[in-house]
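Notes to accompany the following structure.
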Amino acid sequence: MLWRATVGVAEGRMTLGDLVMINAFMIQLYIPLNFLGVLYREIKQSLTDLDKMFTLMEKEREIADRPDASPLPLSADSTVRFDHVHFAYESTRPILHDVSFEIPAGKTVAVVGPSGSGKSTLARLLYRFYDVQQGRITIAGQDVRDVTQSSVRQAIGIVPQDTVLFNDTVEYNIAYGRPGATRAEVEEAARAARIHDFIASTPKGYHTMVGERGLKLSGGEKQRVAIARTLLKDPPILIFDEATSALDSANERAIQSELKSVAKNKTALVIAHRLSTVVDAHQILVMEAGRIIERGTHQELLALGGRYADMWALQQSAEGEQFTEVMGMEP
Ligand SMILES: Nc1ncnc2c1ncn2[C@@H]1O[C@H](COP(=O)(O)OP(=O)(O)OP(=O)(O)O)[C@@H](O)[C@H]1O
Ligand SMILES: [Mg+2]
């Protein structure tokens with residue numbers, strides 16, 4: 001159209017004024033059309049999102065509460081028991097084989113063993129991300145399948161192997177452990193988890209947004225936020241899954257002593273790669289390929305002279321080597 005008009009001007013049928021006017025009309029026409037296009041795309045995207053949401057909502061959850069599930073009574077007893085537990089994520093590949101152990105209320109049980117032996121799986125089952133196929137897991141004598149998931153999760157504080165944070169402020173992420181906590185309580189937990197100074201050094205402090213769309217935290221920083229969250233929640237049962245694995249040794253040592261004092265008198269399942277962090281556990285389970293192959297206190301296991309004793313000797317010599325390396329000494 002514009003081309004024809006331009007030709008018209010060239011042939012003398014139209015004046016330049018006509019052309020400017022046509023151009024103005026065209027612009028007036030295009031802008032709303034463009035806007036309509038954007039609107040159309042937005043509406044279409046929203047409808048697709050809604051559709052996806054409804055499909056998700058219709059999907060059956062992997063783990064659902066029984067219709068008659070009652071909340072776990074938060075009594076003084078928080079004994080955890082695994083009773084002949086068999087478990088597989090996929091039916092073709094069993095992961096746990098006949099696992100039985102007890103964490104008496106107020107005691108700490110540590111789990112050690114090679115990568116892939118099923119240690120984190122124990123934590124996931126206790127938190128009831130999955131249900132066992134055979135055997136049972138009980139808290140205070142109640143099968144976790146008979147009580148509501150929310151009450152089980154209320155009773156447990158977990159510092160997972162890899163922490164996922166919400167796209168929200170640091171304060172929200174820590175206070176999530178105990179909704180309604182005051183700023184002073186949040187700061188106290190952050191101090192104990194050795195993350196307060198870092199948070200305070202950011203321009204927006206506790207209002208700093210973290211996660212995908214905010215400040216990206218390092219593995220160790222995320223881990224410390226998760227520790228602060230758990231300290232604030234202060235639940236009767238604790239799970240630490242390699243809770244300090246992403247930290248440097250100075251921070252690890254400092255937080256380990258903090259965790260130790262928190263775990264005192266709590267029922268705790270502690271998964272650790274560094275054996276020196278679990279020597280005081282009331283019982284240590286050594287896992288291999290989904291089975292508990294040894295159990296006992298640190299001293300008992302050393303005296304047994306089995307897998308644990310081997311692992312201990314190996315780590316001691318490795319730490320010794322690192323020490324001489326750091327100090328610049330010849331071994
Ligand atoms: N969601 C899953 N689906 C299928 N298989 C899984 C899933 N999660 C873990 N597994 C498998 O279960 C086995 C045990 O995994 P788990 O995470 O319990 O090991 P781990 O002892 O914690 O190891 P690491 O020390 O490396 O953390 C592994 O072989 C793993 O491949
Ligand atoms: Mg693991």
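For ligands, and for the atoms within them, numbers begin at 1 and follow the listed sequence.
- Using a cut-off of 2.8 Å, one finds that Gln161 contributes an N/O/S atom close to the Mg ion (ligand 2).
- Using a 4.0 Å cut-off between charged nitrogen and carboxylate oxygen, Arg136 and Asp83 count as a salt-bridge pair.
- One side chain, Tyr89 or Arg124, offers a donor N or O that lies under 3.5 Å from an acceptor on the other.
- The single protein non-hydrogen atom nearest to atom 13 (C) of ligand 1 is Ile95 CD1, 3.7 Å, given as residue, atom name and distance.
- Regarding atom 26 (O) of ligand 1, its nearest protein heavy-atom neighbour is Ser115 OG, 2.5 Å.
- Checking Asp241 against Ser120 by side-chain atom types alone, a donor-acceptor pair falls below 3.5 Å.
- For atom 14 (C) of ligand 1, the closest heavy atom belonging to the protein is Gly116 O, 3.5 Å.
- Using 4.0 Å as the threshold, Arg124 has a heavy atom nearer than that to some atom of ligand 1.
- The side chain to side chain contact (heavy atoms under 4.5 Å, CB included) test with Pro71 is passed by exactly one of Thr148, Val147, Val152: Thr148.
- The ring of His97 has its center no closer than 6.0 angstrom to the ring center of Phe87.
- Arg93 NH2, 2.6 Å is the protein heavy atom nearest to atom 29 (O) of ligand 1.
- With rounding to the nearest 0.5 angstrom, the CD1 atom of Ile158 is 11.5 Å from the CD1 atom of Ile237.
- Atom-to-atom distance recorded for Ile103:CD1 and Ile139:CD1 is 9.5 Å, nearest 0.5 angstrom.
- Of the protein's non-hydrogen atoms, the one nearest atom 1 (N) of ligand 1 is Tyr130 OH, 3.5 Å.
- Nearest protein neighbour of atom 25 (O) of ligand 1, counting heavy atoms only, is Lys119 NZ, 2.7 Å.
- Each of the following atoms of ligand 1 lies closer than 4.0 Å to a heavy atom of Glu90: 4 (C).
- Residue contacts to the Mg ion (ligand 2): Ser120 brings an N, O or S atom closer than 2.8 Å.
- Only the side chain of Gln161 comes within 4.0 Å of ligand 1, counting heavy atoms alone; its backbone N, CA, C and O stay farther away.
- Summary of contacts: the protein heavy atom closest to atom 10 (N) of ligand 1 is Tyr89 CE1, 3.3 Å.
- Neither the backbone nor the side chain of His273 comes within contact range of ligand 1; no heavy atom lies under 4.0 Å.
- Of the candidates Glu171, Lys233, Arg229, Tyr176 forms a side chain to side chain contact (heavy atoms under 4.5 Å, CB included) with just one, namely Arg229.
- Protein heavy atom nearest atom 16 (P) of ligand 1, with residue, atom name and distance: Thr121 OG1, 3.6 Å.
- Considering OH of Tyr172 and NE2 of His207, their distance stands at 15.0 Å, rounded to 0.5 Å.
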